[in-house]
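Down below is the structure, laid out as structure tokens.
In what follows, residues are counted from 1 in the order of the sequence shown. Excluded from the calculations below are hydrogen atoms, water molecules and symmetry mates; all remaining heavy atoms, backbone and side chain alike, are included.
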Amino acid sequence: MKSVNMVAGFVLLALASSFASAYDPSPLQDFCVAPTDSSTGVNVNGKFCKDPSHVKCDDFFFNGLKLPGDTNNPLGAQVSPGFVSEFPALNTLGISMVRIDYAPRVGVNPPHVHPRASELLLVLEGTLYVGFVSSNPNNTLYSKILSKGEMFLFPIGMIHFQRNIGSTPAVAIAALSSQNPGVITIANTIFGADTMIDPDLLATSFQLKPDVVKILQTKTWFDNVNFDA
């Protein structure tokens with residue numbers, strides 16, 4: 001009887017282990033339509049791995065965040081990314097980093113979302129007003145004024161923002177919990193979609209006059225993430 005109980009316990013443990021390890025990995029791209037012909041498929045959810053025998057020390061080095069971003073733009077802020085596309089060594093490691101530069105008083109990193117990552121922001125220089133808004137139905141604003149050396153957390157999927165409220169340039173570094181966190185800037189997405197969303201739908205949704213929506217849709221919405229750095 002004791003051996004039967006031991007076997008039963010082992011089986012339950014094995015089943016529990018299989019259930020614990022059998023899960024779909026978090027997506028690392030916006031969507032993935034399965035091909036019906038495998039010859040037309042592409043690698044997804046990460047990148048191919050380099051042969052370890054070809055890996056060099058420099059593969060683990062990245063200097064893309066050392067220079068200030070150009071804040072002479074409509075938002076007065078520039079995001080310099082260190083995602084897997086810029087720093088391939090991050091592949092499969094679930095982490096990335098960005099540098100954000102803000103012009104005095106006017107520098108804004110506008111309301112946006114990272115669909116695949118939480119963000120931990122550290123202020124290196126200056127004074128920032130930062131915050132995020134929780135999901136429906138509460139829509140609670142959590143905000144704080146940060147000074148040099150202070151941090152703030154933006155949970156995954158929450159709309160968040162930063163603004164330089166100081167009289168000097170500000171700099172922040174943000175760590176993100178994905179090699180490819182994604183960025184959805186709210187205004188750019190809603191009013192700057194490559195095919196216009198029905199203005200009447202947006203007018204009703206935002207409780208605006210259709211003419212106001214049409215004006216917003218004709219604007220050029222600036223993307224302050226410098227993917228070409």
Is a side-chain N or O of Thr71 found less than 3.5 angstrom from the main chain of Gln78, in a donor-acceptor match? no
Under 3.5 Å: donor-acceptor pair, side chain of Asn73, backbone of Ala77: yes
Steps toward side-chain contact (heavy atoms from CB on, under 4.5 Å) verdict (Leu121, Phe154): CA-CA 8 Å; Leu121 183 86; Phe154 306 117; 4.0 Å; yes
For residues Met196 and Leu202: do they belong to one hydrophobic cluster (side chain heavy atoms under 4.5 Å, members Ile, Leu, Val, Met, Phe, Trp, Tyr)? no
With rounding to the nearest 0.5 Å, note down the distance linking NZ in Lys50 to CG in Asp59. 3.5 Å
A side-chain contact here means heavy atoms from C-beta on lying under 4.5 Å apart; do Pro81 and Ser96 qualify? no
Let me check something: do Phe191 and Leu201 share a hydrophobic cluster, defined by ILVMFWY side-chain heavy atoms less than 4.5 Å apart, either directly or through other members? yes
Between the CZ atom in Phe222 and the OG1 atom in Thr185, the distance rounded to the nearest 0.5 Å is 10.5 Å
With rounding to the nearest 0.5 Å, note down the distance linking CG in Leu124 to CZ in Arg99. 7.5 Å
Could you check whether any side-chain N or O of Trp221 sits under 3.5 Å from a backbone N or O of Leu216, counting only pairs where one atom can act as donor and the other as acceptor? yes
Is it possible for you to say whether Val133 and Ile190 belong to one hydrophobic cluster, with membership spreading through side-chain heavy-atom contacts below 4.5 Å? no
Carefully, step by step, assess Leu120 and Met151 under the rule side-chain contact (heavy atoms from CB on, under 4.5 Å). CA-CA 7 Å; Leu120 189 59; Met151 294 193 297; 4.0 Å; yes
Under 3.5 Å, side chain of Ser118 to main-chain N/O of Ser177, donor-acceptor pair present? no
Leu153 vs Phe132, side-chain contact (heavy atoms from CB on, under 4.5 Å): CA-CA, chis, key distance, verdict: CA-CA 9 Å; Leu153 175 67; Phe132 72 89; over 6 Å; no
N/O donor-acceptor pair under 3.5 Å between Asp211 side chain and Ile215 backbone: no
Val79 and side-chain contact (heavy atoms from CB on, under 4.5 Å): which partner among Val225, Asn226, Val183? Val225
For residues Leu65 and Ile95: do they belong to one hydrophobic cluster (side chain heavy atoms under 4.5 Å, members Ile, Leu, Val, Met, Phe, Trp, Tyr)? yes
Using a 4.5 Å cut-off on heavy atoms from C-beta on, say whether the side chain of Leu75 contacts that of Pro110. yes
Are the side chain of His112 and the backbone N or O of Ile186 linked by a donor-acceptor pair below 3.5 Å? no
Side chains of Pro199 and Gln217, heavy atoms from C-beta outward: is any pair under 4.5 Å? yes
To the closest 0.5 Å, what do you measure between CD1 (Ile159) and CG (Leu141)? 11.5 Å
Hey, any chance Met97 and Leu122 share a hydrophobic cluster, counting ILVMFWY side chains that come within less than 4.5 Å of each other, even indirectly? yes
Answer yes or no: is there a donor N or O on one side and an acceptor on the other, between the side chain of Ser134 and the main chain of Thr140, under 3.5 Å? yes
Answer yes or no: is there a donor N or O on one side and an acceptor on the other, between the side chain of Arg163 and the main chain of Val130, under 3.5 Å? no
Partner of Ile165 by side-chain contact (heavy atoms from CB on, under 4.5 Å), out of Ile145, Leu146, Leu128: Ile145
Could you label the plane-to-plane angle of the Phe62 and Phe87 rings as parallel, tilted or perpendicular, counting under 30° as parallel and over 60° as perpendicular? parallel
Quick one: OH on Tyr102 to CG on Asn224, what's the gap to the nearest 0.5 Å? 9.0 Å
Minimum side-chain heavy-atom gap Gln179-Asn91 below 4.5 Å: yes
Could you walk me through whether Asn139 and Asn136 satisfy the side-chain contact (heavy atoms from CB on, under 4.5 Å) test, starting with their C-alpha distance in whole Å, then the side-chain angles of each, then the deciding distance to 0.1 Å, before giving a yes or no? CA-CA 5 Å; Asn139 303 128; Asn136 298 349; 2.7 Å; yes
